[in-house]
Structure formats: structure tokens, C-alpha cells
Amino acid sequence: MATIPITRSLFLLPFVGILDEIGAPSGSLLEKFRLPLNLNEKSSFYIPLLPALSFIEAAQKSQDLEDFSFLAGQRLHFSHLRERTKALVAHSPTLLVALRHACYWASREDSMLSMWIEYDQDHIRVCNRITLPGHHAYLKHAQWLQNVFSVYITRQFTGAGWMPPVMAFEAGYTPGAATQSCWPNVQFLSDQQASWITIPNSCLSLPYHANTLYSPCHAPEDEPSGYEIVETLKLMLPSYLDGGIPTLAQVAEMAGVSPRTFQRKLSSVDFVYSDILDTIRFERSSALLRETDAKIIDVAFASGYSDPAHFSRAFRRIAGITPRQFREQSQQN
């Protein structure tokens, strides 16, 4: 049985909103392509992707709208991502870790979407591709939105004004002059093997910049949510870094539950205990590297590592650079 490509209804809302504002017959177009009406009430539901792309293309042609997907992308922002994706990004120690989360969970936004990271000497490419049967002529609409969301995730760490040096499209498509003027100093490429944006390596170790942390899961009354437990661990565990760090079983005992129950609570919000420890160790070590002249080996011990080599490997996995490079980069800023 063939798989039906699906996407979240929310992604079609900005297109419908633009059509409604200019007085276009959005309702009849939705019916023509057998898409549900009253999408505002169904934003968390899923709709078939192929009819959605056909709807967008037909609306663009009938209303003579240039770069329709770019206009729609301006109406989307970080908060339109899945609640769990937003929470994982917000709780990430660095931009690099947040992008890895986004890549892992990409198929929950579009069922046929894959995302991955490619590394180059001084930058990375955050790539995306939607796999559809044959060559779909309207793929540029989906590619705009996927690239824009990679930008929005990055801005949670870099600040609202950040622009990618390069934005590429798999489709044979070049944005119009008006659209390009909204992205000054961005190089646009088309006919690539995938769609992608570039991010300089110097951004990868940045911490979460936005003020709001997302905790979407609501636990029963008087029972802490998984995100509340994560926040509690982030407050408690730093005091153990220079001594004996408690195991998961010991932390579960402190909470008065079994290790299995404690682990299940963390798993419900897509966290594992070792990842939380890595985050806490990184936050401690990055602060010491920025704010003190302590030797790398002393930073490693103060951050809960008994082996400096293990510390360097763990730090690079999270930040994309070595502790020494991080310190040099911090001193330049």
C-alpha cells in the first residue's frame, strides 16, 4: 500500500490568510483540491501534502502572486513548530544540539521530510529534502518553508537579525528581486541536490538566546511534568559536578520513585539522563572557559570529567569546536 505524504495543517494557514486578505476564493480552491475547510480549527491536524502543494501553485497562478511561499513564510515563526520540537530546541545547550534535534524530528512536521547536517571547513549546511514520487513541479513551495524554519531555529540562538550566508533550493527556482531585497547579503542557489542554508561554525556553540522556555506537556494535578523534572535536575546537579555525580537510580531514589518510572518520565519528553548531564557539564565548562583563565584540565575536573580527553571529545560533540577554540572565540567577541 502506498504511503500518503502528509504535512501539518498549520503550514497551509498563512497561504489561506494571504488569499483571504486579497479577497481570493480560498474556500472554493480548498474544496477543488479536496482539502479541509476551517483550517484555523485544525492547525494541529495533518493534511495530504500533494493536494496542498497543488493548491498553493494554483492560488499563486490565479492571483498572480510572486514568491507566494516566501510571503507565507514571513507569517510563520519558531512558535509554529511542534510543541515538543520547540521544547527540545529551547532546552538544548547549543545551536548545534538544537539543529540535531530538529533533524531527528523533522518527519513529524512533514512525513516525507528528511533533514541532516553536512560539515565543511568553516560552516555547516542544514539540508532538507522532501521525497515525493517522481519530480514534483511545485516542490519549491515546501522548500521555502523548510529553509525558513531552519533560519528561525538558528535565530533562537543568534538573535532575530541573523541571515544565512547562502540559501539553496533543490528546485530550479530563483527568488524575485523583491524577495531577494528582504534577504540582503544572502546568496541564493537553485538546482541543488537538496535545499539548505549555511551556518558559520562560530555560531554552533551559542546558547539558547530567546527568553521563553517551552514546557508543553501538562502532567496530572500535583504531579510534575517531564520538563519540570529536567529543569529541577539542571538546578540540582551542578552542585555535584566536582564530586560524585549521582546515578539515575540515585536521583530516582531522591524523587521517591523507581528508576524505571523516573526514566519513563524523562522519555515522555524525549530526554535521557545522560543528555541532561552532558548539558549541565557543558554549561559549567563553557562558563569557566569564557570567564576564567583556568587550565583546560582544571575546567574538565570542575565540570565532572575525570579524563580531559573525554572532556574535549564531549565538548566538541556539543559545541562543534574544541574547548581551546571556544575560549579563543569567546575572547574575540
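The structure displayed is predicted, hence computed values, not measured ones.
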What distance separates [X] [atom1] from [Y] [atom2], expressed to the nearest 0.5 Å?
X      : Y      : atom1 : atom2 : result
His141 : Leu49  : NE2   : CG    : 11.5 Å
His80  : Leu10  : NE2   : CG    : 5.0 Å
Leu113 : Ser107 : CG    : OG    : 7.5 Å
Gln146 : Ser69  : CD    : OG    : 11.0 Å
His310 : Arg281 : NE2   : CZ    : 6.5 Å
Ser286 : Glu291 : OG    : CD    : 8.5 Å

Counting neighbours of [atom1] on [X] that are heavy atoms of other residues, nucleotides or ligands and sit closer than 6.0 Å, is the number greater than 12?
X      : atom1 : value
Glu253 : CD    : no
Lys32  : NZ    : no
Arg75  : CZ    : yes
Asp120 : CG    : yes
Tyr104 : OH    : no
Arg290 : CZ    : yes

What heavy-atom pair brings [X] and [Y] nearest, and what distance separates the two atoms?
X      : Y      : value
Gly73  : Val148 : O-CG1, 4.0 Å
Ala142 : Ile130 : CB-CD1, 3.4 Å
Ala24  : Gln63  : CB-CD, 3.5 Å
Ser190 : Thr174 : OG-OG1, 4.2 Å
Gln180 : Pro175 : NE2-O, 2.8 Å
Ala98  : Ser92  : CA-OG, 3.4 Å

Is the NZ or CZ atom of Arg8 both under 6.0 Å from the centre of the six-membered ring of Phe11 and within 45° of that ring's axis? yes
Cation-pi check for Phe78 against Arg155: NZ or CZ below 6.0 Å from the six-membered ring centre and within 45 degrees of the axis, yes or no? no
Mind checking whether Phe188 and Trp183 have parallel, tilted or perpendicular rings, split at 30° and 60°? perpendicular
Return yes if a side-chain donor-acceptor contact under 3.5 Å exists between Thr322 and Gln325, otherwise no. yes
Any donor-acceptor N or O pair under 3.5 Å, side chains Asn147, Ser195: no
If two hydrophobic side chains count as joined below 4.5 Å and joins carry through other members, does Val126 share a cluster with Trp116? no
Phe282 reachable from Val97 in the ILVMFWY side-chain graph, under 4.5 Å edges: yes
Should [X] and [Y] count as side-chain neighbours, where that means a heavy-atom distance under 4.5 Å?
X      : Y      : answer
Leu189 : Phe169 : no
Phe311 : Ser285 : yes
Leu266 : Phe262 : yes
Thr7   : Leu53  : no
Leu13  : Leu76  : no
Arg284 : Val299 : no
Met167 : Gln187 : no
Pro14  : Phe68  : no

Is the centre of the Phe157 ring less than 6.0 Å from the centre of the Trp162 ring? no
Begin with the C-alpha distance, continue with both residues' side-chain angles, and end with the deciding distance and a verdict on side-chain hydrogen bond (donor to acceptor under 3.5 Å, both in side chains) for Asp278 and Tyr273. CA-CA 9 Å; Asp278 283 345; Tyr273 185 60; over 6 Å; no
Apply side-chain contact (heavy atoms from CB on, under 4.5 Å) to the pair Arg125 and Ile117, showing each step before the final yes or no. CA-CA 6 Å; Arg125 287 182 291 273; Ile117 297 172; over 6 Å; no
Residue of the set Leu204, Thr94, Thr279 for which side chain to side chain contact (heavy atoms under 4.5 Å, CB included) holds with Ile318: Thr94
With side-chain contact (heavy atoms from CB on, under 4.5 Å) as the criterion, how do Asp67 and Tyr173 come out once you've worked through the C-alpha distance, each side chain's angles and the decisive distance to 0.1 Å? CA-CA 10 Å; Asp67 289 333; Tyr173 156 75; 2.6 Å; yes
Report the C-alpha separation of Gln60 and Phe15 in whole Å, then their side-chain angles, then the decisive distance to 0.1 Å, and conclude whether the side-chain contact (heavy atoms from CB on, under 4.5 Å) test is met. CA-CA 9 Å; Gln60 176 173 266; Phe15 295 96; over 6 Å; no
Check this for me: does any side-chain nitrogen of one of Arg324 and Glu328 sit under 4.0 Å from a carboxylate oxygen of the other? no
Phe33: ring-ring contact (aromatic ring centres under 6.0 Å, His included) partners, not counting sequence neighbours: none
